Amino acid sequence: FREAPDLLSSTPVQNGMGNNVYVLLLRFVQRRRKLLFAAAVALVTLIVVFKNGSFLHGRGLGLLQSYLDDWRQCEVPLPDGVNFSATLPLQFPKHSGQHDRTVPNIVHFLFGYKWDNTGFNFVNFVAVVSALAVLKPKVVMFHCLQEPTGFLWEVVRPHVTLVQGRDVKNIFGNPINHYAHKADIVRLEALLEHGGIYLDVDVVTLRSFDQIMDVDAAMGEEGENGRIGLCNAVILAKPNSPFVRMWYESYKTFNQSKWNYHSVVLPKELAKQHPEMITQFGYQMFHWPLWDEGGIRTMLDSFEYGYSMNRAVHVWNTGMMRSDFRNFSMSWCFQCHSTLISMMRHYVPDPLFSVVMPCHNQARYIIEALVSVSAQSFPNWEIILVDDRSPDGCGMLAQDFAARGGLGPGNDHRLKVLMSPINHGLAASRNLGIKAARGVWICALDADDKLGPNYFFDAAHEMTLQPELQLIYSNQKFFQDSDWVWPVSKFETGSAMVRGPLPVMSLYLKSLWQQVGGYSSALPWGNEDYDFWLNVLAIGAKSKKLSGNQVFYRFKKDSMMRAGDAYGEEERAMLRSRHLDLYHPAKLLRDHRLIMTMANATRQRLLRLQGVATVSAEDKAYGVFWMALSDLHESRFTEALQGFRQVLKVDRLQWQPALYEALTVCRLQGRAASAPMLRKLTQRFPQLNTTGEFQRHDRNCRASASWTSGPPRRDSGDDGS
């Protein structure tokens, strides 16, 4: 399995039509490895039984039975009466509108009282989503001192009501310093005011609370027979409950050196003194298994406990972080770990990953790309294939492949094909596909490239451990006409600006794509992914590199990128002129001289982009600016001035068109006309005064010299289409 990516990359699919037997067999083995292992054990057991008779008969069948039982346990449904799937966008059953019980059906969560941790992790996500799905509350009031961060918060945020939490400094004159003690007090204040169900953000709801809502107040025991106390991770109470009021007022004697006295021990003592005020549930109702090593192992590494008595389960996130299971992630939900983890599988967002795959004249490769997605060991994905008016029918080919079961049993719905009536080009097709994507994370996979089988699994693991991640990438291996491995550097300013940032199929949040404005169609020879990564770099996205070669790039000697290599120097100059926050003005002014001498083939491509309806006004403005520089070099001053003035108000171009407007005016009308323009420009952008290139332009303008002189225009060969 470790060699699977290399094996896949060396296995052709003839004419884009055949289901290569080896590729399909490999995918079957990857997805059914536990079942195949059980079958192998069964075969060996039968052979042993046949050869050794009754002596090993019971032992052999017992071994076989244990493996088959283990396999069946991996598929654990949610408890009876709960039918939920975390299909995106999330949809929850509405509150029935029936008359409230004594406890109103309002759910409260607290978050953000620990200042060094605002990441909303997978356990937090399951806690909130399971409460929404199972309890069907009128409202979820999410009280937070700091709003959570992370991709899972983006998914659940529209379904909760955000409430600004109170930063408790003291209570009844007693100082409150620890975040946990502050949270203890805020939950009581929320229940006194609103009533409802309070849940810690590491409590997973398993069953309805309907039958236990007719109480003034209720809590569950912590430890066998309540030997530790009553745990405040789950509290039910009516508004202004006498028990909660008495508990709150007991903080007059609060001593923060007694860690859990007021939160766990004291409520048990109060319940003994006033049993008529509170209903006490047994330890298995909410808080079993316990937070000790054995309890954490039962939750995360055992199928022995069935949760038949639990209405909820307290996952004890703090205890888990201190245990051997601190690296728990949602990837574990698709392995065979425990009853609880298998139930949590139902709450993994689906699709978590949207693979966006533009296709134009790539039918001969498309099946390999699709197979590499369907072979993922993390199964919550979708494919958005954009047929960019492809003459080879790659969209129909993909639909037929999925309909015949090529994506795996029951996965045909995971492919969505968008048929474009016109040829948009790669950047616009990607944007079109991403707009239609439902997933939280985007993978822009070209139709001739492939993914390693554990790419999504490993990425899901890392994003669970670091929920604030926005970008995930790995090394990239070439195949077909090259076997080079690109050892991708750390995504940071120095390396990204010089060597090119990341493989195109790196993973990023859809919200990040929205933040940077998507892919640009401005550049004539491609490089839209390089441009996109520089936009991502400029906003400081948090990133993580995976180990190994997880993505595979088909290197073709005759590709569009190879054709554009002849014009790479001028296109990279254009690329840099789109990122003024990353490059010094001196570098950009030198780049402008390269753009001035662009090849005719490049100019023709820019002219064609001006006529494409799907190219944005801003992208067209860059083309106008670059062609105006070319006009300036060719002494077409009137056309150049018109071009510069046309794009003066495009914010992203900043000082560039204004500078060349002034210099063109200098050439046409003299220094007296341009001097005020240059003075105003340098006042607004003082960094220009520090560049030798700008000073040269200014001196030449004073002397009315031909300051646009430079290398001759490149030869006028064809445009490489």
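Along the sequence shown, the residues carry numbers beginning at 1. Please read these numbers as outputs of a predicted model, since none were measured by experiment. Both backbone and side-chain heavy atoms feed into the values below; hydrogens, waters and symmetry mates do not.
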(request) Might you work through the side chain to side chain donor-acceptor pair (under 3.5 Å) test for Asp458 and Gln550, ending with a clear yes or no? (result) CA-CA 9 Å; Asp458 292 348; Gln550 302 269 14; 2.8 Å; yes
(message) Checking Glu154 against Ser511: is there a side-chain donor and acceptor pair closer than 3.5 Å?
(response) yes
(request) Starting at OH of Tyr455, measure out to CG of Asn549 and round the result to the nearest 0.5 Å. (result) 12.0 Å
(message) Please determine whether side chain to side chain donor-acceptor pair (under 3.5 Å) holds for the pair His461 and Ser329, giving the CA-CA distance in whole Å, both sets of side-chain angles, and the decisive distance to 0.1 Å.
(response) CA-CA 5 Å; His461 180 73; Ser329 77; 2.8 Å; yes
(request) Evaluate the side-chain contact (heavy atoms from CB on, under 4.5 Å) criterion for residues Tyr307 and Tyr305: first the C-alpha distance (whole Å), next the side-chain angles of each, then the deciding distance (0.1 Å), finally the verdict. (result) CA-CA 6 Å; Tyr307 301 90; Tyr305 185 64; 3.4 Å; yes
(request) Test salt bridge (charged side-chain N to carboxylate O under 4.0 Å, His left out) on Arg438 and Asp350 and set out the steps. (result) CA-CA 9 Å; Arg438 294 182 295 126; Asp350 189 15; over 6 Å; no
(request) Classify the ring geometry between Trp259 and His178 as parallel (under 30°), tilted (30 to 60°) or perpendicular (over 60°). (result) perpendicular
(message) Just checking Gln211: does its CD atom have more than 12 heavy atoms from other residues, nucleotides or ligands closer to it than 6.0 angstrom?
(response) no
(request) Indicate the ring-plane relationship of Phe142 and Phe109, choosing parallel, tilted or perpendicular according to the 30° and 60° boundaries. (result) tilted
(message) Holding to side-chain contact (heavy atoms from CB on, under 4.5 Å), I want the full list of residues that pass it with His143, two or more places apart in sequence or in another chain.
(response) His108, Leu110, Met141, Val163, Ala190
(request) Taking atom types as modelled, find out whether Lys182 and Asn177 have a side-chain donor-acceptor pair closer than 3.5 angstrom. (result) no
(message) Return the CD to SG distance between Gln164 and Cys144, rounded to the nearest 0.5 Å.
(response) 6.5 Å
(request) Hey, can you tell me if His337 and Trp332 have their rings parallel, tilted or perpendicular (30° and 60° cut-offs)? (result) parallel
(message) Going by side-chain hydrogen bond (donor to acceptor under 3.5 Å, both in side chains), name the residues that satisfy it together with Asp581, two or more places apart in sequence or in a different chain.
(response) none
(request) Any chance you could measure Asn317, atom CG, to Asn124, atom CG, to the nearest 0.5 Å? (result) 6.0 Å
(message) Looking at every heavy atom in both Pro379 and Arg345, which two are closest together, and how far apart are they?
(response) CG-NH2, 4.3 Å
(message) Does atom CE (Met309) have a neighbourhood of more than 12 heavy atoms from anything else shown, all under 6.0 Å?
(response) no
(message) Check this for me, if you would: do Asp167 and Lys169 make a salt bridge, where the nitrogen-to-carboxylate-oxygen distance has to be below 4.0 angstrom?
(response) yes
(message) Would you compute the distance between atom CH2 of Trp316 and atom CZ of Arg322 and round it to the nearest 0.5 angstrom?
(response) 12.0 Å
(request) Measure the acute angle between the ring planes of His159 and Phe92, then classify it against the limits of 30° and 60° as parallel, tilted or perpendicular. (result) perpendicular
(request) Given salt bridge (charged side-chain N to carboxylate O under 4.0 Å, His left out), test Glu147 with Arg157 step by step and report yes or no. (result) CA-CA 10 Å; Glu147 185 170 350; Arg157 174 65 180 87; 3.5 Å; yes
(request) In plain terms, say whether Glu269 and Lys272 are close enough for a salt bridge, that is, a side-chain N and a carboxylate O under 4.0 Å apart. (result) no
(request) Drop me the distance from Phe209's CZ to Arg101's CZ, to the nearest 0.5 angstrom. (result) 13.5 Å
(request) Keeping to residues at least two apart or across chains, list the side chain to side chain donor-acceptor pair (under 3.5 Å) pairs with something in residues 278-289. (result) Lys268-Gln280, His287-His314
(request) Calculate, to the nearest 0.5 Å, the distance between atoms NZ and CG belonging to Lys136 and Asp210 respectively. (result) 8.0 Å
(message) Could you check whether Lys252 makes a cation-pi contact with Phe172, meaning its NZ or CZ is under 6.0 Å from the centre of the six-membered ring and within 45° of the ring axis?
(response) yes
(request) Look at Asp80 together with Arg207 and state whether they make a salt bridge at an N to O cut-off of under 4.0 Å. (result) no
(request) Could you check His346 against Phe84 for side-chain contact (heavy atoms from CB on, under 4.5 Å), going step by step and ending with a plain yes or no? (result) CA-CA 7 Å; His346 299 275; Phe84 180 77; 5.6 Å; no
(request) Establish, from distance only, whether the side-chain atoms of Thr118 and Gln146 form a donor-acceptor pair under 3.5 Å. (result) no
(message) Pairing donors with acceptors under 3.5 angstrom, does anything connect the side chains of Asp301 and Ser338?
(response) no
(message) Using the rule ring pair (Phe, Tyr, Trp, His ring centres under 6.0 Å), only one of Phe456, Tyr508, Phe457, Trp381 pairs with Phe353; which is it?
(response) Phe456
(message) Just by distance, no angles: are the side chains of Tyr473 and Asn475 close enough, under 3.5 Å, to form a donor-acceptor pair?
(response) no
